[in-house]
Amino acid sequence: MEDLNFYESVYALVRQIPEGRVTSYGAIARALGREGSARIVGYAMGNAGKANPPVPAHRVLNSKGQLSAKAAFGHPDLMQQLLENEGVKINNDRVVNFKSVFWDPLTEELI
DNA sequence: TAGCTGACCAAAA
DNA sequence: CTTTTGGCCAGCT
């Protein structure tokens, strides 16, 4: 499937994130074999709003489990609401028990 | 082609 | 805790 661009690969991987789970840009980059391209993942997320089908970008956080991109969803609290709606608790713009809800595509993408 | 951009990451102060 | 610094790389103009 070399037809897929890096962006498309990112979208495909993000769409595999199950509900109630989150992952990080770096984890996605590593899963795609581009550990150094964590920034590109975030950049791709910028286009995620125009991607089809839409990608659950609210499940993608930075390595600290912080909602760094909450403002990019059109409303500062939308990202947090979406996560809490899936059972992910947010406190002070940070995911509670980040380790527990963290979804590592390298080990769980085979679902 | 070259340069700029960025929803990042990690370490240091 | 916050702020700074350097590195990283695909896509866009």
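Letters A, B, ... are given to chains in the order of the sequence lines, protein chains preceding strands, and every chain is numbered from 1.
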Could you work out which one of [options] sits closest to the side chain of [X]?
X       : options               : value
A/Phe6  : B/dA10, C/dG11, C/dC9 : C/dG11
A/Ala48 : B/dA7, B/dC9, C/dC8   : B/dA7
A/Ser63 : C/dA10, B/dA10, C/dG7 : B/dA10

Look at the side chain of [X] and the backbone N and O of [Y], then say whether any donor-acceptor pair between them is shorter than 3.5 Å.
X       : Y       : value
A/Ser37 : A/Ala29 : no
A/Arg59 : A/Ile17 : yes
A/Arg15 : A/Pro53 : yes
A/Tyr43 : A/Tyr7  : no
A/Asn62 : A/Lys64 : yes

What is the distance, to the nearest angstrom, from the [atom1] atom on [X] to the [atom2] atom on [N]?
X       : N      : atom1 : atom2 : answer
A/Tyr43 : C/dG7  : OH    : P     : 22 Å
A/Asn62 : B/dG6  : CG    : P     : 17 Å
A/Tyr11 : B/dA7  : OH    : P     : 14 Å
A/Ile40 : B/dC9  : CD1   : P     : 12 Å
A/Gln66 : B/dA10 : CD    : P     : 12 Å
A/Tyr7  : C/dA10 : OH    : C1'   : 6 Å
A/His58 : B/dA7  : NE2   : P     : 19 Å
A/Met45 : B/dT5  : CE    : P     : 22 Å

Worksheet entry | Residue whose nearest DNA chain C nucleotide is more 5′ - A/Asn47 or A/Gly36 |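 Residue closer to the 5' terminus by nearest nucleotide: A/Gly36.
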Worksheet item: Quick one: does A/Tyr25 reach the base of B/dA7 with a side-chain donor-acceptor pair under 3.5 Å?
Response: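 It does, because a donor-acceptor pair links the side chain of A/Tyr25 to the base of B/dA7 below 3.5 Å.
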Discussion item. Both A/Lys64 and A/Ala57 contact DNA chain B. Taking the nearest nucleotide for each, which residue is further toward the 5' end?
Written reply: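 The answer here is A/Ala57.
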Item to complete: Identify whether any heavy atom of A/Gly46 sits under 4.0 Å from a base atom; if not, whether one sits that close to sugar-phosphate; answer base, sugar-phosphate or nothing.
Response: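 Base, at least one base atom sits under 4.0 Å.
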Item to complete: For A/Arg94, report the nucleic acid contact type (base, sugar-phosphate, nothing); a contact means any heavy atom under 4.0 Å.
Response: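 If one applies the 4.0 Å heavy-atom cut-off, A/Arg94 turns out to touch the sugar-phosphate alone, with no base involved.
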Is the phosphate of [N] approached by [X] (side-chain N or O, under 4.0 Å from OP1 or OP2)?
X       : N      : value
A/Arg34 : C/dG11 : no
A/Ser68 : B/dC8  : yes
A/Ser37 : C/dC8  : no

Worksheet item: Do A/Met45 and A/Leu83 belong to the same hydrophobic cluster, where Ile, Leu, Val, Met, Phe, Trp and Tyr are linked whenever their side-chain heavy atoms lie under 4.5 Å apart, directly or via other members?
Response: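 No, it is not one cluster - the side chains of A/Met45 and A/Leu83 are not joined through contacts under 4.5 Å.
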Worksheet item: Under a 4.5 Å side-chain heavy-atom rule over Ile, Leu, Val, Met, Phe, Trp and Tyr, are A/Trp103 and A/Leu82 clustered together?
Response: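 Different clusters.
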Worksheet item: Residues from residues 70-92 of chain A sitting under 4.0 Å of DNA chain B, heavy atoms only?
Response: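 Contacting residues: A/Phe73.
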Worksheet item: Can you tell me if A/Gln81 and A/His75 form a side-chain donor-acceptor pair at under 3.5 Å?
Response: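 No donor-acceptor contact under 3.5 Å links the two side chains.
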